[in-house]
Amino acid sequence: MKSFNTLDFNNMERLYRINLINSASGFKSANLIGTKSKSGHSNVAIISSVIHLGSDPALLGFVSRPVSVRRNTYDNIKETGIYTINHVHEGIIEDAHHTSAKYDALVSEFSMTNLKEEYKSECDAPFVKGAPVQIKMKFLEEVKLKLNGTIMIIGEIQKLFVEYGILKKDGLINLTEGKVVAINGLDHYTLPQSKKRLPYQRPKITNQLVKES
Ligand SMILES: Cc1cc2nc3c(=O)[nH]c(=O)nc-3n(C[C@H](O)[C@H](O)[C@H](O)COP(=O)(O)O)c2cc1C
């Protein structure tokens, strides 16, 4: 196999390094974060770092790049405490990707793409219309990493909307049926294929364990 060490990383061409390291962690989720500033300007941005932090309470985190330059999503979340997370499906890949362009805070990515804002009761932040999973989040905490200045934004799920067909009897949201995409690196969108579901696993009883107990 081809191998790389820290010296190689240091000498690498910048874009090569970005692509390499961004692919190395595995497939990432593709989400659009919807926000609105206090002055009423909506914003939507693609984020691939949303992670599950716990089911009870229902917590999700995402990593914001350092705020050394203006980050509209971060600013709006800090201003209002509310944001939405919307899953990217195969029909909106190009528009979702375009939201990564650096627009001024006064320019809404909704007006620069075919993505449509959707408003639901008790949520001032916009959802992305047609997303098979839409989540209303309440900001709870931010954790700044001293190492590189990135900020983990932690929030609680306040409302969860799931397209009927993809919600299974036991609570699983079948993202594959929702044609929800995943991200490989920073620019390669991929559509997962369903393999199987497996039951809860318990340790195998081996002779060694029986002897020791
Ligand atoms: C595939 C992809 C994934 C991204 N993931 C993140 C991320 O997890 N965190 C982040 O801060 N920016 C991420 N970005 C960059 C933001 O989309 C970009 O900085 C955007 O301009 C932020 O918009 P805003 O200033 O309106 O918040 C990603 C960009 C792409 C193309």
Query raised in the report: What about Val162 and Leu60, same hydrophobic cluster or not, with Ile/Leu/Val/Met/Phe/Trp/Tyr joined at side-chain heavy-atom distances under 4.5 Å?
Result: yes

Query raised in the report: Is any side-chain heavy atom of Asn19 less than 4.5 Å from a side-chain heavy atom of His188?
Result: no

**Report entry** ILVMFWY cluster, Ile135 and Ile77 together (side-chain gap under 4.5 Å)
**Finding:** yes

Query raised in the report: Looking at side-chain heavy atoms only, is the closest gap between Pro132 and Val180 below 4.5 Å?
Result: yes

Query - Note, His97 side chain near Val88 side chain (heavy atom, < 4.5 Å) - result: no

Query raised in the report: Does Ile85 belong to the same Ile/Leu/Val/Met/Phe/Trp/Tyr cluster as Ile46, with side-chain heavy atoms less than 4.5 Å apart forming each link?
Result: no

Report summary line: Rounding to 0.5 Å, atoms CG (Leu15) and CG (Leu20) come to a distance of 11.0 Å

Query - Closest non-hydrogen atom pair, Ile166 against Gly178 - result: CG2-N, 3.6 Å

**Report entry** Tyr103 OH to His41 NE2 distance, which is reported to the nearest 0.5 Å
**Finding:** 15.5 Å

**Report entry** Cluster link Tyr16 to Phe9, ILVMFWY, side chain under 4.5 Å
**Finding:** yes

Query raised in the report: What's the shortest heavy-atom distance between Thr35 and Pro126, and which atoms?
Result: O-CD, 3.3 Å

Report task. Answer yes or no: does atom CZ of Phe161 have more than 12 heavy-atom neighbours from other residues, nucleotides or ligands under 6.0 Å? Result -> yes

Requested in this report: Dump the intermediate steps for side-chain contact (heavy atoms from CB on, under 4.5 Å) on Ile82 and Cys123, then the final yes or no.
Outcome: CA-CA 8 Å; Ile82 296 293; Cys123 183; 4.0 Å; yes

Requested in this report: Return yes if some donor-acceptor pair links the side-chain N/O of Asp95 with the main-chain N/O of Thr113 below 3.5 Å, else return no.
Outcome: no

Query - Nearest-0.5 Å distance, NZ of residue Lys136 to CD1 of residue Ile157 - result: 12.5 Å

Query raised in the report: Below 4.5 Å, heavy atoms only, C-beta onward: do Leu53 and Ile154 meet side chain to side chain?
Result: yes

Query raised in the report: Roughly how far apart are Tyr189 OH and Ile92 CD1, rounded to 0.5 Å?
Result: 10.0 Å

Query raised in the report: Could you give the distance from CG (Asp104) to CG (Asn43), rounded to the nearest 0.5 Å?
Result: 10.5 Å

Report task. Group every Ile, Leu, Val, Met, Phe, Trp and Tyr by side-chain heavy-atom contacts under 4.5 Å, then state whether Ile47 and Val133 land in the same group. Result -> yes

Report summary line: Minimal heavy-atom distance between Glu177 and Asn174, with the atoms involved, is N-OD1, 3.0 Å

Requested in this report: Flag the pair Leu191 / Lys179 as yes when at least one side-chain heavy-atom distance between them is below 4.5 Å, and no otherwise.
Outcome: yes

Query raised in the report: Quick one: are Ile173 and Lys168 in side-chain contact, heavy atoms under 4.5 Å?
Result: no

Query raised in the report: Stepwise, does the side-chain contact (heavy atoms from CB on, under 4.5 Å) test hold for Arg197 with Asp170?
Result: CA-CA 12 Å; Arg197 289 188 74 185; Asp170 65 353; 2.8 Å; yes

Query raised in the report: When you measure from the side chain of Glu79 to the backbone N and O of Lys38, does any donor-acceptor pair fall under 3.5 Å?
Result: yes

**Report entry** Evaluation steps, side-chain contact (heavy atoms from CB on, under 4.5 Å), between Lys120 and Gln134
**Finding:** CA-CA 11 Å; Lys120 301 184 196 269; Gln134 301 169 318; 2.8 Å; yes

Report task. May I ask you to test the Lys28-Ser49 pair for a side-chain heavy-atom distance under 4.5 Å? Result -> no

**Report entry** Shortest non-hydrogen contact between Ile151 and Lys144, atoms and distance
**Finding:** CG1-CG, 4.2 Å

Report task. Might you work through the side-chain contact (heavy atoms from CB on, under 4.5 Å) test for Met137 and Phe139, ending with a clear yes or no? Result -> CA-CA 6 Å; Met137 298 294 300; Phe139 169 73; over 6 Å; no

Requested in this report: Anything under 30° is parallel, anything over 60° is perpendicular, the rest tilted; go ahead and classify Tyr83 against Phe62.
Outcome: perpendicular

Report task. Enter the distance from Asn184:CG to Thr190:OG1 here, rounded to the nearest 0.5 Å. Result -> 7.0 Å

Query raised in the report: Can any side-chain N or O of Asn22 pair as donor or acceptor with the backbone N or O of Leu186 at less than 3.5 Å?
Result: no

Query raised in the report: What heavy-atom pair brings Ser29 and Ile183 nearest, and what distance separates the two atoms?
Result: O-CD1, 4.0 Å

Query raised in the report: Are the charged groups of Lys78 and Glu142 less than 4.0 angstrom apart, N to O?
Result: yes

Requested in this report: Search all heavy atoms of Ala105 against all heavy atoms of Asn72 and return the closest pair with its distance.
Outcome: CB-OD1, 3.4 Å

Report task. Decide yes or no for Leu115 and Glu109: does some side-chain heavy atom of the first lie under 4.5 Å from some side-chain heavy atom of the second? Result -> no

